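Okay, structure first, notes after.
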Amino acid sequence: MSPSHDPRLSLIEAWLRSLPPELALRLDTLQPASSDASFRRYFRLEAGRGTVIVMDAPPPHEDVGAFVHAGGLLREAGLNVPAVLARAPEQGLLLLSDLGHETYYQRIQAGLDDARLQVLYRQALTALVQMQQASTAGLPPYDAARMAAELELFPEWYVQRHHGVTLTDKQSDALQKIFRLLSESCATQTPVYVHRDFHSPNLMVCDEARFGPNPGILDFQDALAGPLTYDLASLVTDARTTWEEPQQLDWAIRYWELARGAGLPVPADFAQFHCAYEWMSLQRNLRILGVFARLNHRDGKSGYLAHMPRVNQYVRQVARRYGVFAPLLRLLDQLDQATPTVGYTF
């Protein structure tokens with residue numbers, strides 16, 4: 001897209017030209033790198049002997065200060081996160097070190113063999129345990145009230161807007177009881193650093209020494225101080241990559257053993273821990289169904305629809321196992337028979 005059609009691109013190029021010449025930036029190589037579900041987007045360009053990343057996080061929609069703070073906590077904990085090379089917070093711009101060209105997700109989509117996959121995910125589990133020992137200073141709390149508010153996205157956007165179904169009073173009451181149970185139960189866990197989206201699209205494969213150790217960790221600007229099981233749930237019930245239950249269980253056991261060895265406050269009984277992270281995954285995936293529906297209908301980002309069946313199955317996996325979630329399972333059966341609403345709301 002040309003600067004004339006993208007005013008922020010002109011702003012980015014002007015800012016890059018103002019940076020010290022020792023950075024050796026080659027503006028003629030500036031190319032889109034990626035975008036995400038928010039207003040943020042990323043560009044890559046050559047600099048010296050390597051490449052660097054520009055984060056474009058337009059105010060007032062985004063706050064680069066949160067990214068810098070959350071990343072600083074991870075860096076202090078010894079994790080591999082992008083270094084901030086230059087910043088213009090008032091303009092919503094950061095120049096970051098590059099951690100590589102492929103995410104775990106991209107590598108998996110390209111046909112990663114199982115032996116290499118297991119190595120990468122064991123490295124991710126080690127990084128997760130390390131991350132949960134990071135400071136949570138200055139991070140907002142991820143408490144029961146916030147979890148309950150997030151769950152309201154499910155009836156509003158997934159049930160009503162996406163499927164066109166109006167809940168009965170009985171269904172609504174049953175859903176609210178489940179929401180309270182999930183939120184209050186998950187909130188009893190000891191707070192740790194919670195990335196919020198610790199899964200394959202935000203983990204970089206760092207094959208080259210210059211990129212640092214595996215995994216490179218991205219997209220941590222929404223970090224909170226919250227439940228210990230949240231990021232494990234993100235990893236093993238990945239919204240963009242299907243992991244069957246035996247694989248989920250294998251990684252959960254490996255995490256639990258690492259966490260116990262590190263002195264993290266996980267239950268001594270794995271069965272108790274397994275229940276806790278499954279309930280956490282249910283909270284997360286119900287929210288994600290609502291988020292993906294909103295991204296489609298409000299923001300016109302229809303690509304997220306492809307991931308809904310996977311997330312639906314993750315929700316069903318947990319709902320089937322615990323009798324208390326039977327009303328939710330009945331609702332899902334009803335929704336799966338309803339025709340999703342098409343079109344956009346702006």
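It should be emphasised that the depicted structure is a prediction, and the values quoted were computed from it without experimental measurement.
- Ring centroids of Tyr277 and Trp256 are separated by 6.0 Å or more, keeping the two rings apart.
- The hydrophobic cluster containing Leu74 also contains Leu258, counting ILVMFWY residues as joined when their side-chain heavy atoms lie under 4.5 angstrom apart, directly or transitively.
- Between Arg294 and Asp299 there is no salt bridge, since no side-chain nitrogen of the basic residue lies less than 4.0 Å from a carboxylate oxygen of the acidic one.
- A side-chain donor-acceptor contact under 3.5 Å links Gln106 to the backbone of Thr103.
- Looking at heavy atoms from C-beta onward, Met147 lies in side-chain contact with Pro227 at the 4.5 angstrom threshold.
- With salt bridges taken as basic N to acidic carboxylate O contacts below 4.0 Å, none links Arg196 and Asp222.
- Formation of a donor-acceptor pair under 3.5 Å by the Glu76 side chain with backbone atoms of Ala134 is not found in this model.
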Would you sort out whether Asp207 and Arg116 count as a salt bridge (Lys or Arg N to Asp or Glu O under 4.0 Å), showing the intermediate values? CA-CA 12 Å; Asp207 285 336; Arg116 181 58 177 155; 3.0 Å; yes
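- In the model, Glu152 has a side-chain atom that pairs as donor or acceptor with a side-chain atom of Gln176 under 3.5 Å.
- Side chain of Thr51 to backbone of Arg44: no donor-acceptor contact under 3.5 angstrom is found.
- A pairwise comparison of heavy atoms in Tyr314 and Ala239 identifies CE1-N, 4.5 Å as the closest pair.
- The six-membered or imidazole ring of Phe270 lies away from that of Tyr255, with a centre-to-centre distance of 6.0 Å or more.
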For salt bridge (Lys or Arg N to Asp or Glu O under 4.0 Å), just list the numbers for Asp6 and Arg41, CA-CA rounded to whole Å, side-chain angles, deciding distance to a tenth of an Å, and then say yes or no. CA-CA 13 Å; Asp6 185 351; Arg41 57 181 179 167; 2.8 Å; yes
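- Closest heavy-atom contact between Tyr322 and Cys275: OH-CA, 3.5 Å.
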Between Asp333 and Arg316, is the salt bridge (Lys or Arg N to Asp or Glu O under 4.0 Å) condition met? List the steps. CA-CA 10 Å; Asp333 289 339; Arg316 285 178 169 276; 2.8 Å; yes
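- Annotation for Ala293 and His162: closest pair CB-CB, 4.0 Å, computed over non-hydrogen atoms.
- In this structure a side-chain-to-backbone donor-acceptor pair under 3.5 Å is present from Thr188 to Ser185.
- Between Arg210 and Asp98, no side-chain nitrogen of the basic residue sits less than 4.0 Å from a carboxylate oxygen of the acidic one, so the salt-bridge criterion is not met.
- Taking each heavy atom of Pro140 and Ala223 in turn, the nearest pair found is CD-O, 3.8 Å.
- Without hydrogens or angle criteria, His199 side chain to Asp231 main chain gives no donor-acceptor distance under 3.5 Å.
- Between His61 and Phe39, the ring planes are parallel. Angles under 30° get that label, and only those over 60° would be called perpendicular.
- The existence of a salt bridge linking Arg161 and Glu156 is excluded, since no basic side-chain nitrogen approaches an acidic carboxylate oxygen closer than 4.0 Å.
- Side-chain atoms of Gln248 and Asp250 include no donor-acceptor pair closer than 3.5 Å.
- With salt bridges taken as basic N to acidic carboxylate O contacts below 4.0 Å, none links Arg240 and Asp238.
- At a cut-off of 3.5 Å, with distance as the only test, a side-chain donor of Gln118 or Gln247 sits close to an acceptor on the other residue.
- Gln130 places a side-chain N or O within 3.5 Å of a backbone atom of Ala77 that can act as its donor or acceptor partner.
- Contact of the Leu153 side chain with the Leu286 side chain is not registered, since no non-hydrogen atoms from C-beta on lie closer than 4.5 Å.
- In this structure, the side chain of Thr29 engages the main chain of Glu46 through a donor-acceptor pair within 3.5 Å.
- Aromatic ring orientation, His101 versus Phe211: perpendicular (interplanar angle above 60°, classes split at 30° and 60°).
- For the pair Met204 and Pro215, the minimum side-chain heavy-atom distance is 4.5 Å or more.
- In this structure a side-chain-to-backbone donor-acceptor pair under 3.5 Å is present from Asn285 to Ser281.
- One hydrophobic cluster, built from ILVMFWY side chains closer than 4.5 Å, holds both Leu181 and Leu289.
- With Gln171 contributing its side chain and Thr168 its backbone, the two residues share a donor-acceptor pair below 3.5 Å.
- In this structure, His163 and Tyr158 have perpendicular ring planes: the angle between them is above 60°, well past the 30° mark.
- Inter-residue side-chain proximity for Asn296 and Tyr304 is flagged as unmet; no heavy-atom pair is nearer than 4.5 Å.
- Thr136 contributes no side-chain N or O that, together with a main-chain N or O of Leu139, makes up a donor-acceptor pair within less than 3.5 Å.
- Taking the six-membered ring for Trp and the full ring otherwise, the centers of Phe325 and Trp279 sit less than 6.0 Å from each other.
- Of all non-hydrogen atoms in Gly216 and Cys206, the two that sit nearest each other are N-SG, 3.5 Å.
- Of all non-hydrogen atoms in Trp15 and Val54, the two that sit nearest each other are CZ3-CG1, 4.4 Å.
- Between the side chains of Gln189 and Thr229, a donor-acceptor pair is found at a separation under 3.5 Å.
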